[in-house]
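One structure is given here, and the rest of the page talks about it.
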Amino acid sequence: MKYLDEYRDPALARRLFTEIRTVTSRPWTLMEICGGQTHTIVRQGIDELLPPDIRMIHGPGCPVCVTPLELIDKALAIAGRADVILTSYGDMLRVPGTTTDLLALRARGSDVRVVYSPLDAVRIAGERPDREVVFFAVGFETTAPANAMAVLRAHALGLPNFSVLVSHVLVPPAMTALLDAPDCQVQAFLAAGHVCAVMGWAQYEPLADRYQVPIVVTGFEPLDILEGVLMAVRQLEEGRAQVENQYVRAVHRSGNIQAQEAIRRVFKVRDRMWRGIGTIPSSGLALTDEFAAYDAEARFAVADVTAQEHPACIAGGILTGTRLPTDCAAYATLCTPRTPLGAPMVSTEGTCAAFHSAGRQPTGQPAGQPVPAAAAGPS
Ligand code: SF4
């Protein structure tokens, strides 16, 4: 398939592995930011095939995983109202809140619908003026332009029954928080190519400079990842700390200016709570005053909803790259894709789901054994 097969070529992959081995003279620790990259790395076994001196740790780039539990509970509180149609991308439906999830709520009669675009939610609002239609707007900078366009569209159509529950997070402040952490082990980043396709990569230059950390904008296919690793290791070996762009087929330095303008018009930057990590300054988006009327949190008065994480879940350590899913006592036993205790086991971009679908064993279980039968689920 065009644009896929040429980035999965085994002969080129072998060549890149050899080149990485050749340039590596000492141990380095790299973090891939995006959960999509994590899935490629784990599914293809790239982390196990790299030279032992190259350690890949998995970053917080799964937007579903870092959505705070409070927001899931707020979505549940809103969806439970008889006058509401709650719309969302499918991933969010199975993310557990404190006591239940949106899928279970739907089974009990709530009107919860999966949409493929926020504009579908706007269309539903137009068709059902008798109901409040809420879109659960989750994501990084990647999905923010479409969600901004939905608000602009609802505004242009004069739809008073449309609102958004906003849970947008921004990547550079999260990287800053990781680098500021006293136990930070990251020596180079593979930045998320799709985020940079929207925002460009100029905003990463002050980070590379200030922390002397190489940042390579990287795509999602196996050869993208291997080339990104090679470029990062080369920089580390040569003592350079620059932003480089591996994903040249999709990313320009300045990004998508029109998309950025839509984001700026509808959203403003605010402090944001990241699930398992805590509050990161200036790391989220909220509606600007001009569009505050579309804020579902204010419309349904759910600002004081609080939440309780499952005590077994170590998602914070997973999302900061300091722990592996296999370190979690609940991994593949209590927590499986069928019975997730935390968001990283639900989302297709979650690290725990990536480990489970690749059959990675819980710590202490010999390699080559199947993932415990009771735990095996669709993935
Ligand atoms: S395996 Fe489940 S309980 Fe453990 S960290 Fe991952 S999501 Fe949380």
Side-chain angles (χ1 to χ4, degrees), residues 33-35 59-72 74-75 78 86-89 91-92 95 115 117-119 121-122 134-155 162-178 191-192 194-204 207 254-300 302-303 305 319 343 347 349:
I33 291 288
C34 177
C62 160
V64 173
C65 305
V66 300
T67 297
L69 191 55
E70 281 85 354
L71 262 168
I72 308 291
K74 286 175 184 178
I78 294 169
L86 187 115
T87 59
S88 168
Y89 296 132
D91 264 8
M92 295 307 296
V95 179
V115 291
S117 157
L119 290 174
V122 175
V134 181
F135 179 69
F136 198 176
V138 173
F140 285 93
E141 296 93 326
T142 330
T143 53
N147 295 340
M149 293 305 296
V151 173
L152 291 169
R153 181 82 181 136
H155 191 60
F162 177 78
S163 60
V164 282
L165 181 60
V166 180
S167 181
H168 275 300
V169 282
L170 305 172
V171 171
M175 290 167 70
T176 305
L178 287 168
H194 51 1
V195 170
C196 296
V198 174
M199 303 305 290
W201 47 264
Q203 60 179 329
Y204 295 91
L207 268 180
S254 52
N256 183 328
I257 302 294
Q258 279 181 314
Q260 292 166 29
E261 278 168 4
I263 295 174
R264 263 194 295 276
R265 173 137 189 243
V266 172
F267 296 115
K268 62 185 176 189
V269 174
R270 57 164 283 184
D271 297 349
R272 169 59 71 185
M273 168 77 86
W274 292 55
R275 191 172 189 174
I277 298 176
T279 299
I280 302 178
S282 303
S283 67
L285 296 176
L287 290 159
T288 57
D289 293 347
E290 184 184 357
F291 296 102
Y294 296 91
D295 182 359
E297 272 193 73
R299 186 175 296 193
F300 299 101
V302 289
V305 169
L319 294 166
S347 168
E349 295 189 20

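Along the sequence shown, the residues carry numbers beginning at 1.
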>> Does any part of the side chain of Val171, heavy atoms only, come nearer than 4.5 Å to the side chain of Tyr204, both counted from C-beta?
In response: yes
> Between Ala75 and Leu86, what is the shortest heavy-atom contact and its length?
Replying inline: O-CD1, 3.9 Å
>> Looking at Arg299, I want to see if its CZ is surrounded by more than 12 non-hydrogen atoms of other residues, nucleotides or ligands under 6.0 Å.
In response: yes
> Does some side-chain heavy atom of Cys65 sit less than 4.5 Å from a side-chain heavy atom of Arg275?
Replying inline: no
> Is any side-chain heavy atom of Val169 less than 4.5 Å from a side-chain heavy atom of Trp274?
Replying inline: yes
> Under 3.5 Å, side chain of Thr87 to main-chain N/O of Val134, donor-acceptor pair present?
Replying inline: yes
> Looking at Thr67 and Pro63, what are the two nearest heavy atoms and their distance?
Replying inline: OG1-O, 2.8 Å
> Out of curiosity, Ser167 OG to Met92 CE, how far, rounded to the nearest 0.5 Å?
Replying inline: 6.5 Å
> Taking side chain as C-beta onward, heavy atoms only, is Leu287 less than 4.5 Å from Phe267?
Replying inline: yes
> Looking at CE of Met149 and CD1 of Ile263, how far apart are the two atoms once the value is rounded to the nearest 0.5 Å?
Replying inline: 11.5 Å
>> In the structure I gave you, are the side-chain heavy atoms of Ile78 and Val302 within less than 4.5 Å of one another anywhere?
In response: yes
>> Whether the side chain of Thr143 engages the backbone of Val138 through a donor-acceptor N/O pair (distance < 3.5 Å, no angle test) should be reported.
In response: yes
> Closest approach of Ile277 and Ile280, non-hydrogen atoms and distance?
Replying inline: CG2-CD1, 4.1 Å
> Between Asp295 and Ser163, is any pair of side-chain heavy atoms under 4.5 Å apart?
Replying inline: no
>> Contact between Pro60 and Leu178 at the side-chain level, heavy atoms closer than 4.5 Å - yes or no?
In response: yes
>> For Phe140 versus His168, what's the shortest heavy-atom pair and its separation?
In response: O-ND1, 3.5 Å
> Parallel under 30°, tilted from 30 to 60°, perpendicular over 60°: which one fits the rings of Phe162 and Tyr294?
Replying inline: tilted
> Is there side-chain contact between Phe291 and Leu152, with at least one heavy-atom pair below 4.5 Å?
Replying inline: yes
>> Working to the nearest 0.5 angstrom, can you tell me the gap between Cys196 SG and Asn256 CG?
In response: 13.0 Å
> How long is the gap from CZ on Arg272 to CZ on Arg270, to the nearest 0.5 Å?
Replying inline: 4.0 Å
> Quick one: does Gln260's side chain have a donor or acceptor within less than 3.5 Å of a partner on Val198's backbone?
Replying inline: yes
> So, for Phe136 and Leu71, which heavy atoms are closest and what is the spacing to 0.1 Å?
Replying inline: CZ-O, 3.9 Å
>> Which heavy atom of Val195 sits nearest to which heavy atom of Glu141, and what is that distance?
In response: CG1-OE1, 3.5 Å
